[in-house]
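Step one of this worksheet: look at the structure below.
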Amino acid sequence: MTDTANIEPTSPQLSQEQLDRLTDLMIGKLKTVYDPEIPVDIYEMGLIYKVDISDDLDVAIDMTLTAPGCPVAGEMPEWVRDAVLKVPGVRSCKVDLVFDPPWTPDLMSDEAKLALNML
């Protein structure tokens with residue numbers, strides 16, 4: 001898989017074990033969010049660019065879309081926020097849409113490319 005998401009604590013008080021556990025749980029939740037037009041989750045599509053986790057378990061996510069004119073552009077950040085808020089202990093989640101760098105199919109994991117017959 002192409003690891004495009006950078007998941008880091010914004011402060012050193014979270015232990016590596018805690019961060020690893022949170023990362024696994026968050027990735028699991030992010031993989032439940034799909035663009036309705038694409039049968040691959042947003043994580044494998046490479047749409048999650050950055051995830052910051054504070055010591056208070058406030059999460060900030062930078063994500064993109066396959067195209068700026070995506071019909072669900074207004075809804076998808078809310079879907080991502082709602083998914084991450086299901087991770088036990090997460091207090092808040094802010095999702096920002098960014099378009100730099102622009103998304104390209106190169107950001108997709110091999111799993112996503114296989115699902116879309118691109119391998």
Side-chain angles (χ1 to χ4, degrees):
M1 175 180 79
T2 304
D3 188 12
T4 57
N6 179 19
I7 301 179
E8 297 180 355
T10 54
S11 173
Q13 292 184 13
L14 282 176
S15 73
Q16 188 60 49
E17 182 180 327
Q18 290 170 312
L19 180 60
D20 291 346
R21 182 182 57 81
L22 282 169
T23 297
D24 289 345
L25 291 170
M26 277 191 218
I27 289 171
K29 293 301 182 188
L30 290 170
K31 288 172 80 90
T32 67
V33 180
Y34 287 77
D35 181 320
E37 297 177 343
I38 304 170
V40 176
D41 68 79
I42 62 167
Y43 186 81
E44 296 296 335
M45 285 294 296
L47 299 180
I48 302 297
Y49 283 173
K50 182 178 177 184
V51 179
D52 285 331
I53 306 167
S54 76
D55 284 338
D56 294 326
L57 299 181
D58 295 309
V59 177
I61 296 176
D62 286 349
M63 69 169 291
T64 195
L65 303 170
T66 56
C70 177
V72 293
E75 299 168 62
M76 195 172 296
E78 184 177 320
W79 299 342
V80 170
R81 181 185 59 81
D82 291 347
V84 169
L85 286 174
K86 292 178 182 174
V87 173
V90 169
R91 188 170 77 163
S92 69
C93 181
K94 179 180 177 237
V95 180
D96 289 319
L97 280 178
V98 298
F99 296 99
D100 187 31
W103 180 87
T104 69
D106 293 337
L107 296 173
M108 294 169 45
S109 70
D110 287 343
E111 179 182 312
K113 290 176 183 175
L114 183 62
L116 297 173
N117 294 317
M118 296 176 70
L119 278 181

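Residue numbers start at 1 and run along the sequence shown.
- Qualifying side-chain contact (heavy atoms from CB on, under 4.5 Å) partners for A83, counting only residues two or more places apart in sequence or in other chains: K29, T32, V33.
- Applying the salt bridge (charged side-chain N to carboxylate O under 4.0 Å, His left out) definition to pairs two or more places apart or across chains, those involving residues 93-105 are K94-D96.
- Note on Y34 and M118: separate hydrophobic clusters, where clusters join Ile, Leu, Val, Met, Phe, Trp and Tyr whose side-chain heavy atoms are under 4.5 Å apart, directly or indirectly.
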- Message: If you apply the rule side-chain contact (heavy atoms from CB on, under 4.5 Å), what do you find for W103 with M108, and how did you get there?
- Response: CA-CA 9 Å; W103 180 87; M108 294 169 45; 3.6 Å; yes
- Task: Apply side-chain contact (heavy atoms from CB on, under 4.5 Å) to the pair E37 and T66, showing each step before the final yes or no.
- Result: CA-CA 11 Å; E37 297 177 343; T66 56; over 6 Å; no
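- By the side-chain contact (heavy atoms from CB on, under 4.5 Å) test, P68 pairs with F99, sequence neighbours left out.
- Checked against M76 for a side chain to side chain contact (heavy atoms under 4.5 Å, CB included), the options V95, L65, L97 give a single hit: L65.
- Shown here are the side-chain contact (heavy atoms from CB on, under 4.5 Å) partners of L57, two or more places apart in sequence or in another chain: L14, L22, I53.
- The two residues C93 and I61 make their nearest non-hydrogen contact at SG-CD1, 3.9 Å.
- Summarising the geometry, atom CD belonging to Q18 is positioned 11.5 Å from atom OG1 belonging to T23; distances are rounded to the nearest 0.5 Å.
- Not counting sequence neighbours, the partners of Q16 by the side chain to side chain donor-acceptor pair (under 3.5 Å) test are D20.
- Two residues are said to be in side-chain contact when any heavy atoms from C-beta on lie closer than 4.5 Å; D35 and M45 fail this criterion.
- With hydrogens and angles ignored, the 3.5 Å screen pairs a side-chain donor or acceptor of Y49 with a backbone N or O of P101.
- The list of side-chain hydrogen bond (donor to acceptor under 3.5 Å, both in side chains) pairs with a residue in residues 70-91, not counting sequence neighbours, reads D58-R91.
- Between L30 and the options I48, L47, L25, D41, a side chain to side chain contact (heavy atoms under 4.5 Å, CB included) holds for only I48.
- In this structure, CD in E111 is found 10.5 Å from CG in L116, a value given to the nearest 0.5 Å.
- Between the CG atom of D62 and the NZ atom of K50 there is a distance of 6.0 Å, given to the nearest 0.5 Å.
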